[in-house]
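See structure below.
Note that the coordinates shown come from a computational prediction; the quantities given were computed from them, not determined experimentally. Computed over heavy atoms, backbone and side chain alike; hydrogens, waters and symmetry mates excluded. By convention in this document, chain letters (A, B, ...) are assigned in the order of the sequence lines, proteins followed by strands, and residues within each chain are numbered from 1.
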Amino acid sequence: MTNEFHDPEIQSLFRQAHRELEGEALATRVMTRIRNLKLLVLTGGLAAALLLLVGAWLIFGVALFEFTVLISEALATPLFDLGQGWLALLLLPANTVATLLVITFKALRIFHKTVTGSLPGRP
Amino acid sequence: MQKAQDYYPECPEAFLVSLARTGDRKAFETLMLRRQSSIRNLMRRFCGDHALADDLAQQVFFKVWLNIRTLRKPGAFSAWLRRLAVTVWLKHLRKKDALRSAAELSGMEPARRESSASVGMDLDRALATLPETERLHLVLSYNEGLTHSEISELTGTPLGTVKSHIRNGSLRLRNALSAYCEDPETGP
C-alpha cells in the first residue's frame, strides 16, 4: 500500500520496544495446563462410563438377572419324569432340555459335515 | 543415540506444525518456544501489563493446542496464530474486569524518557492512553507490520475507520512520546 499512513519514528520505537523474552516458564505452564486437561478429560470419561454402567444396571439389572434365572430353569427342566430314585439321580445330567439342545446341535453339525464335507463356519 | 525430537529446534516451522497437528507435544512445545516472544510482545503492546500479557499469551498457546488440528495449511500458521492472539485480546476486552483494568491504565500519565531500556514501558503507557480499538489497529500496524486492509479484515473494522484510527493514533502517540520522537538518537 503506497498511500498508507506510516510514521517511521513510531515504527522505530516499536522496534526498540521489542524484546526477546525467555519462554521456558511460559512453555512449562502451558504444557502443565495441557496435561491437566488431558487428565481431566480421562477422569471425566471414566466417571461418565462408570455412571452409565451403574445407571444401566439400575434400569436393566434386575430384569437381566430374572431373565438369566428363567433361562437357567428352562434349560434344567427334566425331559422325562423318572421319579426320585437312584436312576433319576444317575440320569439327571442327561435328562434335561439343555442336553437335548446340545445333542441336536451336535447332530446338525455332523449332518452338515456329511452332506457338505466341512463343518459350518470353517473353510 | 539421539532421538528424533532432539532435532526439533532445527526443523522448519511448517514441519513442526504438521507434527503438532498429529498430537506431538514436543513439536508443539518447540513451536511455542519459537513464537512465545512475539506473542508476548504483541500482548504487552495491547494491554501494557506484563503479567496480564503473559497470562493472555498462555491462553493463546492453549487455544493453539486445542485448535491446531483445524489448521489446514501449516504454512499459514503465523497468520493463524496472530488471528488467535487478536481474538483472545478482543475476548478479554469484552470482560468487565478487563474493561476496568484498561480504564485504570488509561488514567496513567505518559512517562517521560528515562533510559533506552524503558522504551517498551513508555510505549505501553502511551498506548494505554489511546482508545482500545485505536490501540489495537495501531499495534497491528506498527508491531505486526500489517497493511490497513489486512487489519480491516482481521478485526472486522471498515477500512476507512482503520485508516483514520492509525492516522489519529499515530499523531497522539507521537505527542505522548514527544521526548523520543524529537530525539535524533532514537529517531530513524
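A donor-acceptor contact shorter than 3.5 Å links the side chain of B:Y142 to the backbone of A:D7. Checked by atom type and distance alone, the side chain of B:Q36 pairs as donor or acceptor with a backbone atom of A:L21 at under 3.5 Å. Not a single donor-acceptor pair under 3.5 Å links the side chain of B:S170 to the backbone N or O of A:I10.
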Chi angles and distances behind the side-chain contact (heavy atoms from CB on, under 4.5 Å) call for A:H6, B:R167: CA-CA 8 Å; A:H6 208 79; B:R167 179 177 288 276; over 6 Å; no

Full working for side-chain contact (heavy atoms from CB on, under 4.5 Å) between B:D54 and A:R29: CA-CA 11 Å; B:D54 284 1; A:R29 280 202 299 274; 4.3 Å; yes

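Interface residue B:R44: only side-chain heavy atoms are found under 4.5 Å from chain A. Contacts of B:R35 with chain A are absent, with no heavy-atom separation under 4.5 Å from either backbone or side chain. Interface remark: B:L66 contributes side-chain atoms only to the contact with chain A (heavy atom separation under 4.5 Å). Residue contact with chain B, scored on non-hydrogen atoms closer than 4.5 Å, involves the backbone and the side chain of A:E24 alike. The parts of B:I166 that come within reach of chain A are both its backbone and its side chain, each placing non-hydrogen atoms under 4.5 angstrom from that chain.
Counting only heavy atoms from C-beta outward, the side chains of B:F62 and A:I34 approach each other to under 4.5 Å. Looking only at side-chain heavy atoms (C-beta outward), B:L173 and A:F14 come within less than 4.5 Å of each other.
Among all heavy-atom pairs drawn from A:A17 and B:G120, the shortest one is CB-CA, 3.6 Å. Of all heavy-atom pairs between A:A27 and B:L33, the closest is CB-CD2, 3.9 Å. Considering every non-hydrogen atom in both B:R40 and A:L26, the closest pair reads CD-CD1, 4.2 Å.
We find the CE-CZ distance between A:M31 and B:F28 to be 6.5 Å, quoted to the nearest 0.5 Å. To the nearest 0.5 Å, atom CG of residue B:D122 and atom CD of residue A:Q16 are 11.0 Å apart. Rounding to the nearest 0.5 Å places CD of A:Q11 at 7.0 Å from OG of B:S141.
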